Amino acid sequence: MSKPIIQFSKASFGFPGRIALEEISLEIMEGEFIGIIGPNGSGKTTLLRALLGLIPPVSGQVQIFDCACEKLRCHHRARIGYLPQKDRVDPDFPVTVFEAVLMGRFSSIGLLRRPSRRDNEIARHALDEVGMADYADRSLGHLSGGQQQRIFIARALAQQPQVLLLDEPTTGVDMPTQQTILELIKKLHDTLRLTILLVTHDINMIVPFVNRLALLKTKLYAAAPPNEVLTKEILSQVYGTQIMVTEKGFVIVGDYHHA
């Protein structure tokens, strides 16, 4: 039976002048795949930053690997892979695909140490996991957006994490590529037995892949299997009245893009 790997206990997080997340209580089991949804400014990215130990709670507690989030040591951080929101890659930036993935090893070996043969093997294996081994010597900046995102996922995998945090991994790519990326993430979840938290606006697209959805808008409104969260009664508390849930569970929300 799986055990809790992340526990929020009435945890609040804030910045000067505002509370970003208020009294969040959420238990995530080892090996779960959680989709984190909510409108802009609802605290989704803050939740991930808290798990990286970057934002200590102003009240309550967060534990990951039985360690308070603000007290994570280097060996704890190395067990958390993180894919931030995608930035544009300069096509002239002089880095190869393999070099970009190898950067994922720095949290384990340190910035001033040379990668070992084992580190190189791990980076190449991570490339193989995402189906990009043949691109190792290519320039990162010359790849398509979807290919670059696979490389960034490989970089996170090179840490050999137990927990993988993904912030809007399908942003900026077309819909078929979004589907391909999500299928890849699901495959990695199943084969590597990762615990995954994925922040997204694309509610409908992630439903087939996740175990649960966590619905945020400063507070946690629901954390349950998709069919229990994607009801008009629950979603309208966060998105307001401009919402429609079809008979097949497809969600359409006002001016937001969720398809």
Side-chain angles (χ1 to χ4, degrees), residues 1-13 20-38 42-84 104-105 107-108 122 126 129-130 152-169 182 184-200 206-216 219-226 228-229:
M1 185 175 181
S2 60
K3 60 183 179 180
I5 194 169
I6 297 168
Q7 292 177 294
F8 291 83
S9 302
K10 294 186 176 180
S12 297
F13 302 88
L21 288 171
E22 184 177 0
E23 293 198 348
I24 301 296
S25 291
L26 176 64
E27 193 172 78
I28 297 170
M29 308 304 287
E30 188 172 20
E32 272 200 288
F33 190 164
I34 305 289
I36 304 172
I37 61 173
S42 60
K44 301 186 298 295
T45 296
T46 298
L47 190 81
L48 300 190
R49 289 173 60 83
L51 292 176
L52 292 167
L54 301 176
I55 307 174
V58 296
S59 63
Q61 290 185 319
V62 182
Q63 285 196 310
I64 179 167
F65 311 129
D66 297 322
C67 179
C69 70
E70 69 272 23
K71 296 180 180 178
L72 289 177
R73 305 293 184 186
C74 289
H75 68 281
H76 289 121
R77 293 179 190 275
R79 294 157 66 189
I80 305 172
Y82 177 49
L83 182 70
R105 296 298 304 153
S107 61
S108 297
I122 291 170
E129 290 278 8
V130 302
F152 296 140
I153 292 171
R155 182 177 63 188
L157 291 179
Q159 293 181 227
Q160 298 187 307
Q162 286 180 258
V163 175
L164 185 59
L165 309 178
L166 305 164
D167 197 352
E168 300 280 5
L182 287 172
L184 168 64
I185 293 168
K186 178 59 176 173
K187 185 193 80 168
L188 296 172
H189 169 255
D190 293 341
T191 58
L192 302 179
R193 299 181 181 179
L194 296 170
T195 302
I196 295 180
L197 281 76
L198 187 154
V199 166
T200 186
I206 67 165
V207 166
F209 301 101
V210 299
N211 302 122
R212 286 192 293 164
L213 291 172
L215 176 63
L216 292 177
K219 297 182 178 181
L220 179 65
Y221 283 80
E228 296 179 23
V229 175

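Note that the numbering runs from 1 along the sequence shown for the chain. Everything quoted here is computed from the prediction, not taken from an experiment.
Side-chain contact between Ile28 and Val163: absent, with no pair of heavy atoms (C-beta onward) separated by less than 4.5 Å. Counting heavy atoms from C-beta outward, Leu188 and Ile153 have side chains that approach closer than 4.5 Å. Counting heavy atoms from C-beta outward, Val199 and Leu47 have side chains that stay 4.5 Å or more apart. Side-chain contact between Ile80 and Leu51 is absent, with no heavy atoms from C-beta onward closer than 4.5 Å. Under the 4.5 Å side-chain criterion, counting only non-hydrogen atoms from C-beta, Gln162 is not in contact with Arg193. Side-chain atoms of Pro4 and Met29, non-hydrogen and from C-beta on, do get closer than 4.5 Å to each other.
Listed by chain and number, the residues in a side-chain hydrogen bond (donor to acceptor under 3.5 Å, both in side chains) with Asp190 are Lys186 (sequence neighbours excluded). Residues passing the side-chain contact (heavy atoms from CB on, under 4.5 Å) test with Pro225, sequence neighbours excluded: Arg212, Asn227, Glu228. Contacts of Phe33 classified as ring pair (Phe, Tyr, Trp, His ring centres under 6.0 Å), with partners at least two apart in sequence or in another chain: His189.
When all heavy atoms are compared, the tightest approach of Gly35 to Ile206 is CA-CD1, 4.0 Å. Nearest heavy atom pair, residue Gly43 against residue Leu21, reads O-CD1, 3.6 Å. For Ala126 against Ala158, the heavy-atom pair with the smallest separation is CB-N, 4.1 Å. Nearest heavy atom pair, residue Tyr82 against residue Gln159, reads N-OE1, 4.2 Å. Between Asn211 and Gly31, the shortest heavy-atom distance links the atoms OD1-O, 4.2 Å. Contact detail for Leu220 and Ser25: the closest heavy-atom pair is CD2-O, 3.3 Å.
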What's the verdict on side-chain contact (heavy atoms from CB on, under 4.5 Å) for Ile5 and Phe65, showing C-alpha distance, side-chain angles and the deciding distance? CA-CA 6 Å; Ile5 194 169; Phe65 311 129; 3.7 Å; yes

Take Leu197 and Ile6 through the side-chain contact (heavy atoms from CB on, under 4.5 Å) test and state the conclusion after the steps. CA-CA 11 Å; Leu197 281 76; Ile6 297 168; 4.0 Å; yes

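Proximity of a side-chain donor or acceptor of Thr195 to a complementary backbone N or O of Glu30 within less than 3.5 Å is not detected. A side-chain donor-acceptor contact under 3.5 Å links Ser12 to the backbone of Glu23. Judged purely by atom type and a 3.5 angstrom limit, Lys44 has no side-chain atom pairing as donor or acceptor with the backbone of Leu216.
The environment of Lys187 atom NZ is dense: over 12 non-hydrogen atoms of other residues, nucleotides or ligands sit within 6.0 angstrom.
Among the candidates Asp167, Leu182, Leu48, Ile37, the single residue satisfying the side-chain contact (heavy atoms from CB on, under 4.5 Å) test with Leu198 is Leu182.
Between atom CG of residue Leu165 and atom CG of residue Leu83 there is a gap of 9.5 Å, rounded to the nearest 0.5 Å.
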